Amino acid sequence: MCGIVGYVGDRPCADILVDGLKRLEYRGYDSAGIAVVNEGVLDKRRAEGKLANLVSLLSDDPVDGPTGIGHTRWATHGRPAERNAHPHRKGSIAVVHNGIIENHLAIKSELSDQGHVFKSETDTEVIAHLVWKHREAGHALAEAVRMSVLRLEGAYSIVVLDADTPNTLVAARLASPLVLGVADGEGFVASDIPAILAHTREMAFIDDGVMAIVTPEGSTLRRIEDDAPVELKTQTVTWSPAMAEKGGHKHFMLKEICEQPDAISNTIRGRISLERSTVELPELDAVADALSDVSHFYIVACGTSWHAGMVGRYLFEELAKVSPHVELASEFRYRRAPIDKKTLVLAVSQSGETADTLAAIKDARGRGATVLSICNVIEASIPRASHATLYTHAGPEISVASTKAFTTQVAALHLLALHMGATRGAIDEATLSADLDALVRVPAILESMIGDDTPYMEFARAWHEATSMLFLGRGNLFPLALEGALKLKEISYIHAEGYAAGEMKHGPIALVEETVPSVFLNPRDDHFGKVRSNLQEVKARGGPVLTVYTEGHEDATRLTDFAIPIPEVPHRVLPLICAIPMQLLAYHMADFKGTDVDQPRNLAKSVTVE
Ligand code: F6R
């Protein structure tokens, strides 16, 4: 996601801010900016694109001073452009923000009615206006920030600067990380440790619902809800700069696996109302007719995104009573599949730049189809070539092997299937409300599954030298078998095949022998008995087996050599849950082998060639 850095002290801070932002570059961004206060004068510089653009702007037109904030933006609301870059300013106030303000439209319209004029398309700008309004009403900066953030719904970490309150920054956090750096005569604040690690190792991690008043003399914390004081507890961070970039994890892939609870929360945030039992996707208003009246429905994607699309098929069939063809974009673009004015083409792409997917939707659009996309990168080529886009808000994915992009695509597909079911009158209220309930519980369930690596390590220790493996599942876990095999082969270079378990006897069972382990996805669901029979067939031929099974269903583990438990969940969210064991298994196998996990050979993150 975006990056934040702030400084108060006695040094001119423009270089400190830019250097801090450079250390967050690995996170990905599309614009950057800083704001500094010098002797009561606030000035800002912002530039679209790489930090080098900001640096060159600063060298042509410098600003400096001993108090400042900086930001790298990864677009979520409003396209990447200078006017949408942070800091956002209103009067003497400048703000940087990470996260998503769900109720920004309501606040914006209320403030517009009071005469406020907004210059950007962002959700962030409302914060600057709110703080300024409370300052104008005579409140001190910290109180003005507190009153403002009490209005915000969603997720945020913010840092606020006020030209009229010298040597002070006010920061606040809800569901988005924020850390303070403590040093003699200086104060630092950042979204991530690497931004300030060069200056101090004494850090304090701010909790949700807490704000910080940062001055060169020291920082104080207050609870946002009631302004009660909160104790500041610092700790010494011993991470190396490289470790700090990965959040203390050995690889970006592991960091991104662990980020999935937050990433999925961001995908569903503001789009589900449990009270009203509705899915709210106003970004799809432009394609409402196409969603309700479809002649042909194609999902086009490549690789892991194609697997997400395959999970989507089960969701659309069950929830919207429509059966999409799930197509590999590289094939679909050369076929002459029937397309007419009532055809809906849904592109699924993390990067939004995959050449085959882009070509497929351009062709379909040219032939009259309505094109909808699910994408992680705002204003990438695929969203620009679509009539409407549902963004996943997963945050930048650095590791080449896709993890959080996949699960957030599946969550977005689930929302879309529910929305389409409601639009088409194909879903009853009880199903809708049960699925919404199941979806909102997913982040906490994933959180509980991440942390205990023991079963993965045991398997990896025993089998990291395998040369071939099979992954098997049925129903909506068949795509997960494909995804498990793809993850394993791309990062560990072990040959792996994913199959629908029922297909075993039609060929792949010939591969089974003592040196070829099979991974069975066999939770307690409608397919349990059938998958168990397939598992028995493998065991009878001497094949080693790892089973992903439902916790407490010990019967499932009787025939298996290795077992990985997952919590019991409603069947439509099983693919989201089963993604974790597939990812962690591949990760630990590759780590044991010592391959380059984050940048596997021969692969690129964004495939912009055919
Ligand atoms: C595998 C992986 C790739 C991508 C594929 C499509 O881990 O990341 O298979 O899923 O190249 O990329 P996007 O989703 O950017 O269109």
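Worth saying up front: this structure is predicted, and the values here are computed from it rather than measured. For the numbers below, each heavy atom of this structure counts, side chains included, while hydrogens, waters and symmetry mates do not. Both ligands and their constituent atoms are indexed starting at 1 by order of listing.
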_I'd like to know if the side chain of Thr122 pairs up with that of Asn84 as donor and acceptor (distance under 3.5 Å, no hydrogens or angles considered)._
no
*Tell me, do Thr392 and Ile374 make a side-chain contact under 4.5 Å, heavy atoms counted?*
yes
*If the plane angle is over 60° it's perpendicular, under 30° parallel, otherwise tilted; pick one for His393 and His77.*
parallel
*How are the rings of His71 and His86 set relative to one another: parallel (under 30°), tilted (30 to 60°) or perpendicular (over 60°)?*
parallel
_Within the protein, residues bringing a heavy atom under 4.0 Å of ligand 1, chain by chain_ = Cys302, Gly303, Thr304, Ser305, Ser349, Gln350, Ser351, Thr354, Val400, Ala401, Ser402, Lys487, Glu490, Val607
_Neighbour count >12 (heavy atoms, 6.0 Å) for atom NZ, Lys342_ = no
*Determine, stepwise, if the pair Phe332 / Asp363 fulfils side-chain contact (heavy atoms from CB on, under 4.5 Å).*
CA-CA 10 Å; Phe332 183 74; Asp363 174 69; 5.9 Å; no
